[in-house]
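Structure record follows, encoded as structure tokens.
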Amino acid sequence: FDAKSMNGVYSLLKDNQHQIWVGTGNGALYSNSSSSNKTYQFDITKLPFSNSVKVTALVQDKDGNIWCGTYGEGLARYNPKTKEVSVLTSTTGLCDNRIISIYEDREGNIWIATRNGLNQIRDGKVSVFSITEGLKNENVNCVCNGKDNSLWVGTKGGLFHLEKNKVQSFFRKDGLPSNDIGSLFL
């Protein structure tokens, strides 16, 4: 990869074909395979984004689709088999176009952490989780499943545990070293 042309690296993904995807400050790049030195630029013009889009999150779902989150232009789902692209933005249900991270839970739901709340995509329908639903901070950084299939949400203002329509909150006053939770791994 030519680091000078990337304008920063924001996300990495190794897909089920062993291709390495790199989300950069000016689109997404991928290599042919983990054993190849060839690098390809994903044709960002296939997506309805600007050419200088910052790709902040990359995830491959259980069906092989590549989810591409951007900072300011929403979310795209790319099907490598059919080459079809679908896009979600704040006008089609996302709570914000500034995508911070994407997570697929054990049930195949896609969770999108944004600067203005959390979205869930389940069976093609978009749901919003925000202060109205019990999050005390909508500036979401990350999402992760617990062992019991509950959901943990890290925000700039605390850690939240979502389980069966109940939200439990954890803050610095509860023993966290900081209220800014940048990543989760359970």
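- Taking all atoms of both residues into account, the shortest heavy-atom contact from Y103 to N145 is OH-N, 3.1 Å.
- Between S101 and C142, the shortest heavy-atom distance links the atoms OG-CA, 3.5 Å.
- The salt bridge (charged side-chain N to carboxylate O under 4.0 Å, His left out) search around R115 returns none, not counting sequence neighbours.
- Note that CG of L12 is 11.0 Å distant from OG1 of T24, once rounded to the nearest 0.5 Å.
- Considering only heavy atoms from C-beta on, L118 comes within 4.5 Å of V153 through its side chain.
- In this structure, CG on L162 lies 6.0 Å from CG on L135, to the nearest 0.5 angstrom.
- For the pair N79 (side chain) and K83 (backbone), a donor-acceptor distance under 3.5 Å is absent.
- Contact check for D105 versus W111: side-chain heavy atoms found under the 4.5 Å cut-off.
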**OP:** Mind running salt bridge (charged side-chain N to carboxylate O under 4.0 Å, His left out) on E73 and K54 for me, showing each step along the way?
**Re:** CA-CA 9 Å; E73 298 191 43; K54 184 189 294 185; over 6 Å; no
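- Contact of the L75 side chain with the I121 side chain is registered, since non-hydrogen atoms from C-beta on lie closer than 4.5 Å.
- Side-chain contact between L151 and V143: present, with at least one pair of heavy atoms (C-beta onward) separated by less than 4.5 Å.
- The distance from the NZ atom of K125 to the CG atom of N119 is 15.5 Å, given to the nearest 0.5 Å.
- How far CG of N116 is from CD1 of I100: 11.0 Å, rounded to the nearest 0.5 Å.
- Residues C95 and V128 come closest through the heavy atom pair CB-CG1, 4.0 Å.
- When the shell of 6.0 Å around CD of E84 is examined, it contains 12 or fewer heavy atoms from other residues, nucleotides or ligands.
- For the pair W21/K14, no side-chain contact is recorded, criterion being any heavy-atom separation below 4.5 Å from C-beta on.
- Of the possible polar contacts, one joining the D61 side chain to the D63 backbone as a donor-acceptor pair under 3.5 Å is found.
- Between the CZ atom of R106 and the NZ atom of K62 there is a distance of 14.5 Å, given to the nearest 0.5 Å.
- Clustering ILVMFWY residues whenever any of their side-chain heavy atoms sit less than 4.5 angstrom apart, transitively, puts V167 in a cluster other than the one holding F170.
- Classified by interplanar angle (parallel below 30°, tilted 30° to 60°, perpendicular above 60°), the ring pair H161/W152 is parallel.
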**OP:** Applying side-chain contact (heavy atoms from CB on, under 4.5 Å), run through D123 and N109 and close with a yes or a no.
**Re:** CA-CA 8 Å; D123 300 325; N109 301 307; 6.0 Å; no
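- At least one side-chain heavy atom of I66 sits less than 4.5 Å from a side-chain heavy atom of P80.
- Residues V55 and C68 share a closest heavy-atom pair of CG1-SG, 3.7 Å.
- Going from atom CZ of R98 over to atom OG1 of T56 covers 11.0 Å, rounded to the nearest 0.5 Å.
- A pairwise comparison of heavy atoms in N97 and T89 identifies OD1-CA, 3.2 Å as the closest pair.
- In terms of heavy-atom proximity, Q60 sits nearest to N16 at OE1-N, 2.6 Å.
- Screening T114, T155, D180 against N141 for a side-chain hydrogen bond (donor to acceptor under 3.5 Å, both in side chains) leaves a single residue, D180.
- Side-chain contact check for S178 versus R172: some heavy-atom pair is nearer than 4.5 Å.
- By the 4.5 Å heavy-atom criterion applied to side chains, E107 and R122 are counted as neighbours.
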